[in-house]
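Written out below as structure tokens is the structure these notes cover.
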Amino acid sequence: MPELPEVETIRRALKHGGRGAESIVGRQVLESRLLWERTLAEPTQIEFQERILGQGITDIDRRGKFLLLQLSTDTLIFHLRMSGDLNVVNENEPIASHDRLWLGLDGGLRLSFNDTRKFGRAWLVPDPHAVTANLGPEPLGEGFTAHDFHARLLAHRRQLKPLLMDQSFLAGLGNIYTDEALHLSKLHPLQISDTLNETQSGRLWSSIRQVLQEGIERQGASIDWVYKGGDFQNYFRVYQRTGEPCPECGNPIQRITVGQRGTHYCQNCQPQSS
DNA sequence: ACGAGCGCCTGTCGGC
DNA sequence: TGCCGACAGGCGCTCG
């Protein structure tokens with residue numbers, strides 16, 4: 001579930017309440033349990049237990065697809081990868097079947113990291129920068145200008161889709177929102193980054209921001225058995241719509257593989273130019 | 001510098 | 001019904 005809009009939706013729920021739970025800001029960690037060892041990237045399980053007990057949750061931030069729980073002295077960072085989610089439940093609730101790590105909080109709450117496919121990771125570190133240092137700019141950040149984006153595109157000679165999904169180039173896009181942004185900007189997923197003129201890169205810049213903003217407003221997308229509450233999936237332009245009519249021109253949506261990822265686009269609206 | 005292949009995991013779906 | 005491959009919102013690694 002996790003691209004920028006889904007992570008942002010979870011962040012807001014943890015910070016302000018929502019998704020059927022109350023805010024965890026201001027709560028204190030009283031207990032911790034690691035149920036799948038590899039979920040904890042850093043530090044060791046022993047050190048994790050020792051360090052986190054007693055720390056208070058002071059704020060919830062996001063950087064790209066990383067969720068940052070600011071604690072009294074450390075930062076607890078989660079990356080949800082393919083199937084991760086964070087739930088706040090009453091401590092009387094049974095442990096869910098794919099819970100991998102959970103924290104007992106004061107007030108009778110439990111924060112649990114649930115992750116069917118076990119790709120997700122957690123870090124407890126003194127300095128969050130150690131984990132997020134290699135990320136590119138925030139696409140919705142004020143410092144991310146169309147001008148800078150164009151310069152960054154020209155600095156590489158790469159296919160647009162894999163480049164946009166490279167988190168060191170831009171932080172937050174995944175398979176869904178990349179396909180959506182490319183279709184909205186009428187650019188082919190295989191077009192080479194340094195062939196874009198300023199008009200094209202400007203269109204891509206605003207398309208990326210538009211689809212991410214819409215995703216956040218719709219509280220993310222809910223697909224397959226992983227239900228999160230958002231409904232952006234009902235507004236996909238091309239993603240997983242192979243063979244269905246393009247919303248712009250009516251031609252059937254094509255599916256190809258780019259960088260080992262399913263890629264959806266319209267041959268007519270997104271011509272291969274170079 | 002870049003792209004392809006693969007590993008990490010569990011689950012669903014369609015075809016035979 | 002059972003089995004089997006394809007596929008799934010991500011990313012780190014190796015190898016050309």
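Below, chains carry the letters A, B, ... as their sequence lines are ordered, and counting in each starts from 1.
The side chain of Y239(A) sits closest to dG9(C) out of dG9(C), dA4(B), dC9(B). Taking the side chain of R117(A) as heavy atoms from C-beta on, and the options dA8(C), dC11(C), dG11(B), the nearest nucleotide is dA8(C). Among the nucleotides dC9(B), dC2(B), dG10(C), the one closest to any side-chain atom of R261(A) is dG10(C). Here the nucleotide nearest the side chain of K118(A), chosen from dC2(B), dG9(C), dT10(B), is dT10(B). Out of dG11(B), dG9(C), dC11(C), the shortest distance to the side chain of R81(A) is found at dC11(C).
Counted by atom type alone, K161(A) and T263(A) present one or more donor-acceptor pairs between their side chains at under 3.5 Å. No side-chain N or O of T242(A) forms a donor-acceptor pair with one of Q254(A) less than 3.5 Å apart. A donor-acceptor contact closer than 3.5 angstrom links the side chains of D74(A) and Q55(A).
We find that CD1 of I223(A) is positioned 13 Å from C1' of dC7(C), with the value rounded to whole Å. Across the protein-nucleic acid pair, R38(A) atom CZ and dT10(B) atom C1' stand 14 Å apart, rounded to whole Å. If you measure from atom CE of M82(A) to atom P of dC7(C), you get 13 Å, rounded to the nearest angstrom. Rounded to an integer number of Å, the gap from H98(A) NE2 to dT10(B) C1' is 7 Å. Rounding to whole angstrom units, CD1 of residue I192(A) and P of dG3(B) are separated by 7 Å. Rounded to a whole Å, the CG atom of L4(A) is 13 Å from the C1' atom of dG9(C). Taking atom CG on D115(A) and atom P on dG9(C), their separation rounds to 15 Å, with Å as the unit. If you measure from atom CE of M165(A) to atom P of dA8(C), you get 11 Å, rounded to the nearest angstrom.
At the heavy-atom level, R157(A) lies under 4.0 Å from the strands shown only through sugar-phosphate atoms. Residue contacts shown for R121(A) are absent, as no nucleic acid heavy atom lies under 4.0 Å away. Q260(A) comes within 4.0 angstrom of a base, heavy atoms only.
Between Q167(A) and dG10(C), a side-chain N or O to OP1/OP2 separation shorter than 4.0 Å is absent. Taking 4.0 angstrom as the limit, H79(A) places a side-chain polar atom (N or O) nearer than this to OP1 or OP2 of dC11(C). Side-chain N/O atoms of K65(A) include one lying less than 4.0 angstrom from OP1 or OP2 on dC11(C). One finds no side-chain N or O of R158(A) lying less than 4.0 angstrom from the OP1 or OP2 phosphate oxygen of dA1(B).
Side-chain atoms of E6(A) and base atoms of dG9(C) include a donor and an acceptor less than 3.5 Å apart.
Of the residues listed (D59(A), V25(A), I57(A)), the one engaging Q70(A) in a side-chain contact (heavy atoms from CB on, under 4.5 Å) is D59(A), and it is the only one. Shown are T116(A), N114(A), D115(A); of these, the side chain to side chain donor-acceptor pair (under 3.5 Å) with S83(A) is made only by D115(A).
Remark: ring of F119(A) does not overlap the six-membered base ring of dC9(B) in a stacked fashion, as centroids less than 5.5 Å apart with planes less than 30° apart are not both met.
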_Expected output check: what is the dot-bracket annotation of DNA chain C, where ( ) and [ ] are pairs inside the strand (brackets for crossing ones), | is paired with another strand, and pairs are Watson-Crick or G-U under 3.5 Å?_
.|||||||.|||||||

*List the steps, then state whether side chain to side chain contact (heavy atoms under 4.5 Å, CB included) holds for D106(A) with Q28(A).*
CA-CA 6 Å; D106(A) 66 301; Q28(A) 190 182 16; 3.6 Å; yes

*Verdict with supporting geometry, Y265(A) and H183(A), ring pair (Phe, Tyr, Trp, His ring centres under 6.0 Å)*: CA-CA 6 Å; Y265(A) 75 109; H183(A) 181 265; 9.4 Å; no

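Residues F78(A) and W123(A) place their aromatic rings such that the two centres sit no closer than 6.0 Å.
dC9(B) and dC7(C) have their P atoms separated by 22 Å, with the value rounded to a whole Å. Atom name P, nucleotides dA6(C) and dC6(B): the rounded distance is 12 Å, in whole Å.
Remark: R237(A) pairs with E248(A) by the salt bridge (charged side-chain N to carboxylate O under 4.0 Å, His left out) rule, at least two apart or across chains.
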